[in-house]
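Here the structure is a predicted model, which is why all the values come from computation and not from measurement. Numbers restart at 1 for each chain; the letters A, B, ... are given by sequence-line order, proteins then strands.
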Protein chains: 2
Amino acid sequence: MDTLPQGTPARRRPGRPRKADSGDTKAEITRAAVRLFARHGFTGTSTRAIAREVGLSESALYAHFTSKQALFEAALARFGPQGSTDSHTAIASMLAETDPPRFLAKMVSDFLEHWDREEARLLISLVTRDGLMHSDALRTALVGMRAYVTSLFDDWLAAGWLPAHLGPAERLAFSFTGPIGLARVMHLHADATPEERTQARADVLQHVELFTSVTFNADHKE
Amino acid sequence: MDTLPQGTPARRRPGRPRKADSGDTKAEITRAAVRLFARHGFTGTSTRAIAREVGLSESALYAHFTSKQALFEAALARFGPQGSTDSHTAIASMLAETDPPRFLAKMVSDFLEHWDREEARLLISLVTRDGLMHSDALRTALVGMRAYVTSLFDDWLAAGWLPAHLGPAERLAFSFTGPIGLARVMHLHADATPEERTQARADVLQHVELFTSVTFNADHKE
DNA sequence: ATTATCTATAGATCTATAGATAATGC
DNA sequence: ATTATCTATAGATCTATAGATAATGC
């Protein structure tokens, strides 16, 4: 009656594994750690649980990482907020000058695609479990996006795409990015159902449409 | 050299305390628990730490709460999301019919005041630490606010305060409440500096102003 | 010799309970 | 007798280390 818990890989044999069996253990550990940290938090996840998930003994973990904290940091660095403002292709940047509303829609939809991937969603779950929500890392990521949008709006205000009476670009960026950031944090996490995620993405795109329709000049001439 | 950690009350004497010394221990425990849970998370907070904070032995805690989980739930119930849609006074509801933009500004500023109080901020910290962020409790609270705003917008669309071409009330509510919710979650938490909180409140109020200025009909006649 | 694993275990916590003690209120 | 506390401790679990073992690659 000695049934192993589901999904638990068999214990490995003692000694160094045969060449054929050797994978990238360090990466395996990191992946498992992120999953567990995201689900149970840092203190809620034991090194034992991580080891079991990978089919290792606890001590083998310490051959790869000097401490639980070091493992957490490696996990965060691996899955952490990438500075993904690299959607700035040549085509996109042309669009920014000829059709700002379409540019924004494209940009946000690119972000959504990125945030909807499992790695990005694990990060959100991680961050909302371990008090990292209010850490500098996340704040920087969010403020970074707002700063980028602010600079875009500044250009568009100068070029007359946006009427000056709407006020400074920062205010516009706050109202524009707010619903997007909230949707990400609330609905694009590891445990969100596909339906919830689909709904969130649709809501965000409609927000972009509404925002651009009420702010941008309809009759702009270059 | 036996210096006690700062803020640690002296151990109480054995036996039932004198009448003069007896306070509301249960409430004291709950308060301390919320503070610690908010700062270190559920598993990151030991019953020992809570007991020490109140100046009790660990076992005295178990006379008041049957388990750590029960204590956590009591804390959450005590400080949990109150259904504070009771800003619906008679005066406010009159404003809703005569001056929607002013009504919205007043409503949001009331919410901000409530959310800026320490109890409300402790709740945010709690929720962003223990995976409660994506719990039904918080989702319901957020969706609840959106639903309320949606019903307001519906009325105002029907009365002609808002032009029909902006689309359904839900979309308006999403764009309106998004930045407000994000600001609360990101900036109105237990560890936020007064400056950060002031900035957040100001940002939110400016968002409300921007939103109403670009959506509401300037020339509405009753 | 080095690398990647194992088994065994030290030492620190952690939750929760048993049983003693001292005040209260009838 | 009841209430509110204490001291002491059981039993589980957690992080981390020491030392053994078996494969690899020179």
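- If you take CZ of Phe65(A) and C1' of dT17(D), they are 18 Å apart, rounded to a whole angstrom.
- A sub-4.0 Å separation between OP1 or OP2 of dT5(D) and a side-chain N or O of Thr25(B) is present.
- For Lys68(B) and Tyr62(B), the positive end is not near the middle of the six-membered ring at less than 6.0 Å and at most 45° from its axis.
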message: Please determine whether salt bridge (Lys or Arg N to Asp or Glu O under 4.0 Å) holds for the pair Arg78(A) and Glu119(A), giving the CA-CA distance in whole Å, both sets of side-chain angles, and the decisive distance to 0.1 Å.
response: CA-CA 9 Å; Arg78(A) 165 84 174 72; Glu119(A) 292 199 2; 3.6 Å; yes
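- Looking at Ile50(B) and Leu56(B), their side chains never come closer than 4.5 Å, going by heavy atoms from C-beta outward.
- Near DNA chain D, meaning a heavy atom under 4.0 Å from it, residues 29-41 of chain B has no residue at all.
- Remark: DNA chain D takes part in the stems C:1-24 with D:1-24, each of 3 or more antiparallel Watson-Crick or G-U pairs, criterion distances under 3.5 Å.
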Between protein and nucleotides 12-16 of chain C, what N or O pairs are separated by less than 3.5 Å?
unit_1, atom_1, unit_2, atom_2, d
dT15(C), OP1, Lys68(B), NZ, 2.8
dT15(C), OP2, Thr47(B), N, 2.8
dT15(C), OP2, Thr47(B), OG1, 2.9
dA16(C), OP2, Tyr62(B), OH, 2.6
dA16(C), OP2, Lys68(B), N, 2.9

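- Partners of Glu28(B) according to the salt bridge (charged side-chain N to carboxylate O under 4.0 Å, His left out) rule, which considers only residues two or more places apart in sequence or in another chain, are Arg12(B).
- Residues Phe103(A) and Thr212(A) have side chains not in contact (no heavy-atom distance under 4.5 Å, counting atoms from C-beta outward).
- Residue pairs meeting the side chain to side chain donor-acceptor pair (under 3.5 Å) criterion with at least one partner in residues 120-131 of chain A, sequence neighbours excluded, are absent.
- Rounded to whole angstrom, the span from the CG atom of Leu61(A) across to the P atom of dT5(C) amounts to 10 Å.
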Side-chain polar contacts of residues 170-184 of chain B - donor-acceptor pairs under 3.5 angstrom, sequence neighbours left out - could you list them?
unit_1, atom_1, unit_2, atom_2, d
Ser175(B), OG, His207(A), ND1, 2.7
Thr177(B), OG1, Ala173(B), O, 2.7

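- The nearest whole Å value for the distance from the CG atom in Asp24(B) to the P atom in dA4(D) is 10 Å.
- Close to dT5(D), at under 4.0 Å from its OP1 or OP2, lies a side-chain N or O of His64(B).
- Between Phe72(A) and Phe42(A), the ring-plane angle classifies as perpendicular under the 30° and 60° cut-offs.
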- request: Carefully, step by step, assess Gln199(A) and Glu195(A) under the rule side chain to side chain donor-acceptor pair (under 3.5 Å).
  value: CA-CA 6 Å; Gln199(A) 180 67 52; Glu195(A) 293 74 34; over 6 Å; no
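- A cation-pi contact links Lys26(B) to Phe65(B), judged by a cut-off of 6.0 Å to the six-membered ring centre and 45° from its axis.
- A heavy-atom distance below 4.5 Å is found between the side chains of Leu112(B) and Leu205(B).
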